[in-house]
Asks: 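Handing you a structure now.
Start at 1 and go down the list; that is how both ligands and their atoms are numbered.
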Amino acid sequence: MNTKQLNETSKFLSYVLRHEPHAIGLQLDSEGWADIDSLIAGAAKDGRILDIALIQAVVSSSDKKRFTISDDGLRIRAVQGHSTASVSLQHVEKEPPEFLYHGTATRFLESIRQQGLIAGSRHHVHLSQDITTAIAVGQRYGKPVVLKIEALRMYQQGFKFFQAENGVWLTNHVPANLVSEKD
Ligand code: HQG
């Protein structure tokens, strides 16, 4: 198992477990769980050979702990990042720290200044507690810029915050007046 194979499989798992389970005829329950045998069978029909050892290696090597396997070893899910309507994961609601960060690309700034942060196709806006993560996230779309969110103030105003199992912070929308560019 090499890094390339792990990365490609991780991308494939993100695709079917977060966005398009139907692409391989896979059913996810409302908490995002998929049966691992069905995942392997569906992937095989699509010409992608997976086995449990490869899946376990992807789960344990994921830098962001993107996936978890159930205690009985039979099911797998992505812990956040979904866009598919078949999943409505009940994340733990939590009081956030004073500030959270969001990495984006400079070309989105004008629109963010007007609309605030919106979830787009995913179910939530994704925020991180550290700036390094935010820079890496922003870099995926162009020249990165880190935005500082007044998370605790939002919470005190009644906005809900959730934390996924892997530590990623989630909220539904961040109003423009509580976002500033981190200097
Ligand atoms: C931007 C990765 C214009 C937003 C990361 C982002 C994350 C706006 C893009 C996870 C906007 C959406 C999610 C507005 C937000 N106008 N653009 N009003 N509001 N945007 O990929 O947060 O590696 O859906 O800034 O670590 O970038 O996949 O969200 O640039 O946790 O596990 O719209 O994906 O995790 O892009 O990334 P995305 P994201 P994984």
Asks: Which protein heavy atom lies closest to atom 36 (O) of ligand 1, and at what distance to 0.1 Å?
Replies: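 Of the protein heavy atoms, Tyr141 OH, 3.3 Å lies nearest.
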Asks: Only heavy atoms of Leu117, strictly under 4.0 Å: list the atoms of ligand 1 that pass.
Replies: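 Here the atoms of ligand 1 in question are 15 (C), 19 (N).
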Asks: Just jot down the ligand 1 atoms closer than 4.0 angstrom to any heavy atom of His102, in number order.
Replies: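 Every atom of ligand 1 under 4.0 Å from some heavy atom of His102: 4 (C), 22 (O), 25 (O).
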Asks: What do you reckon, is CG of Asn177 surrounded by more than 12 foreign heavy atoms closer than 6.0 Å?
Replies: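 Yes - once you tally the heavy atoms of other residues, nucleotides and ligands closer than 6.0 Å, there are more than 12.
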Asks: Do any nitrogen or oxygen atoms of Ile118 lie less than 3.5 angstrom from nitrogen or oxygen atoms of ligand 1?
Replies: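 Between Ile118 and ligand 1, an N or O pair is found under 3.5 Å apart.
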Asks: If you measure from atom 20 (N) of ligand 1 to every heavy atom of Ile112, Val79, Val179, which option wins on shortest distance?
Replies: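 Nearest option to atom 20 (N) of ligand 1, by heavy atoms: Ile112.
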Asks: Throw together a table of side-chain donor-acceptor distances under 3.5 angstrom for residues 85-105, partners on residues two or more places apart or in other chains.
Replies:
residue: Ser86; atom: OG; partner: Thr84; partner atom: OG1; Å: 2.9
residue: Lys94; atom: NZ; partner: Gln163; partner atom: OE1; Å: 2.7
residue: His102; atom: ND1; partner: His126; partner atom: O; Å: 2.9

Asks: Can Tyr15 be reached from Trp33 by stepping across I, L, V, M, F, W or Y side chains whose heavy atoms are under 4.5 Å apart?
Replies: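 No; Tyr15 is not reachable from Trp33 via cluster members.
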Asks: Answer side chain, backbone, both or neither: which part of Gln139 comes under 4.0 Å from ligand 1, heavy atoms only.
Replies: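 None of Gln139 does.
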Asks: Please list all pairs meeting salt bridge (Lys or Arg N to Asp or Glu O under 4.0 Å) that have one or both residues in residues 155-180, counting only residues at least two apart or in different chains.
Replies: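 Salt bridge (Lys or Arg N to Asp or Glu O under 4.0 Å) check on residues 155-180 returns Arg77-Glu165.
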Asks: Which residue supplies the protein heavy atom nearest to atom 16 (N) of ligand 1, what is that atom called, and how far is it?
Replies: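 The closest heavy atom on the protein side is Ser111 OG, 2.5 Å.
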Asks: Residue-level breakdown please: for Val137 versus ligand 1, do any non-hydrogen atoms fall below 4.0 Å on the side chain, on the backbone, on both, or on neither?
Replies: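 The answer is the side chain.
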Asks: Only one of Lys65, Arg66, Gln80 forms a side-chain hydrogen bond (donor to acceptor under 3.5 Å, both in side chains) with Asn166, so which one is it?
Replies: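 Exactly one pass, corresponding to Gln80.
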Asks: So, does Thr9 use its side chain to make a donor-acceptor pair with the main chain of Gln5 at under 3.5 Å?
Replies: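 At least one qualifying donor-acceptor pair exists.
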Asks: Quick one: which ligand 1 atoms are inside 4.0 Å of a heavy atom on Lys64?
Replies: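 Per the distance check, 2 (C), 5 (C), 23 (O), 26 (O), 35 (O), 40 (P).
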Asks: Determine whether Ile112 and Ile135 fall in the same hydrophobic cluster, where Ile, Leu, Val, Met, Phe, Trp and Tyr are linked whenever their side-chain heavy atoms lie under 4.5 Å apart.
Replies: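 Per the 4.5 Å side-chain linkage, Ile112 and Ile135 are not co-clustered.
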Asks: For ligand 1, which atoms have a heavy atom of Arg18 less than 4.0 angstrom away?
Replies: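 Heavy-atom distances to Arg18 below 4.0 Å select 28 (O), 32 (O), 40 (P).
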Asks: Is Glu8 salt-bridged to Lys11, going by a charged N under 4.0 Å from an acidic O?
Replies: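 Salt bridge absent between Glu8 and Lys11.
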Asks: Of all the non-hydrogen atoms in the protein, which one sits nearest to atom 29 (O) of ligand 1, and at what distance?
Replies: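 Ranked first by proximity to atom 29 (O) of ligand 1 is Arg122 NE, 3.7 Å.
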Asks: Identify, by atom number and element, the atoms of ligand 1 in contact range of Gln115, meaning under 4.0 Å from any of its heavy atoms.
Replies: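 Those qualifying, in numeric order: 18 (N).
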Asks: Which protein non-hydrogen atom lies closest to atom 37 (O) of ligand 1, naming both residue and atom, and how far is it?
Replies: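 It is Arg140 NH2, 2.8 Å.
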Asks: Need the ligand 1 atom indices (1-based, order shown) with element for anything under 4.0 Å from a heavy-atom of Gly116.
Replies: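 Those atoms are 14 (C), 18 (N), 19 (N).
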Asks: In terms of heavy-atom contacts, does CD of Gln139 have more than 12 from other residues, nucleotides or ligands at under 6.0 Å?
Replies: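 Yes, because the 6.0 Å sphere around CD of Gln139 holds more than 12 heavy atoms from other groups.
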Asks: Students should be able to answer this: which protein heavy-atom is nearest to atom 40 (P) of ligand 1, and at what distance?
Replies: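 The answer is Arg66 NE, 3.5 Å.
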Asks: Return the closest protein heavy atom for atom 7 (C) of ligand 1 as residue, atom name and distance.
Replies: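 Scanning the protein heavy atoms, the shortest distance from atom 7 (C) of ligand 1 goes to His126 ND1, 3.6 Å.
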Asks: Decide whether Leu28 and Phe67 are clustered together by the hydrophobic rule: side chain heavy atoms of Ile, Leu, Val, Met, Phe, Trp, Tyr closer than 4.5 Å, transitively.
Replies: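 In one cluster: yes.
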